[in-house]
Amino acid sequence: MSAVLKPSEPAAWSAHAASSGPLDVSDMAAPKRDRKPLVIAAIGLLLLAALIGWAVHQMGHGSEGPRRQTVKIAVLPDTPPPPPPPPREEKRPEPDKQEL
């Protein structure tokens, strides 16, 4: 009851190879399909993944609350600044002397 599987006749292989010439790969290739929808879908999925990643990143940071203000301390000088100089006296023009 044992069945022995026999491969196809080797003579048929050589006859087919001799008649068809060099090996033609186009007969074995999968049917050609338009790849444009596949590329568009892949780009769409990448953009969607990037958008979801950005949204998760933004939610993780959230609002940090108000920032703490830093106090700036200035050291005042020990001596006050010198007083301003006195105002200049304006010179009045001398009246012309009239001779009699």
Side-chain angles (χ1 to χ4, degrees):
M1 294 255 15
S2 67
V4 177
L5 298 175
K6 295 182 181 178
S8 300
E9 293 284 329
W13 289 349
S14 62
H16 176 66
S19 66
S20 67
L23 183 63
D24 190 11
V25 182
S26 64
D27 293 339
M28 293 184 271
K32 291 186 178 181
R33 290 190 280 170
D34 191 19
R35 291 186 181 179
K36 188 175 183 179
L38 183 63
V39 170
I40 291 173
I43 291 173
L45 286 174
L46 286 174
L47 288 174
L48 181 64
L51 180 65
I52 290 172
W54 175 79
V56 168
H57 180 72
Q58 290 300 319
M59 283 192 291
H61 285 100
S63 63
E64 297 175 2
R67 293 186 179 252
R68 299 185 78 191
Q69 293 182 355
T70 57
V71 178
K72 295 182 180 178
I73 300 174
V75 178
L76 298 175
D78 291 341
T79 58
R88 288 185 170 177
E89 292 183 19
E90 294 182 19
K91 291 185 176 179
R92 295 184 182 160
E94 294 181 14
D96 291 338
K97 294 184 181 177
Q98 293 182 359
E99 292 183 20
L100 287 173

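Side chains included, hydrogens not; waters and symmetry mates left out as well; all remaining heavy atoms used.
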Under 4.5 Å between side-chain heavy atoms, chaining through other members, with only Ile, Leu, Val, Met, Phe, Trp and Tyr counted: pull out the rest of the cluster around Leu46, sorted by chain and number. none

Report the hydrophobic cluster partners of Leu47, with the cluster defined as I, L, V, M, F, W, Y residues connected by side-chain heavy atoms closer than 4.5 angstrom, directly or transitively. Val39, Ile43

Report the hydrophobic cluster partners of Ile73, with the cluster defined as I, L, V, M, F, W, Y residues connected by side-chain heavy atoms closer than 4.5 angstrom, directly or transitively. Val71

Checking one residue: Trp54. Which other hydrophobic residues are in its cluster under the side-chain 4.5 Å linking rule? Leu51

Tell me, please, which residues at least two apart from Ile40 pass side-chain contact (heavy atoms from CB on, under 4.5 Å). Lys36

Spacing of CZ belonging to Arg88 relative to CD belonging to Glu90, to within rounding of 0.5 Å: 11.0 Å

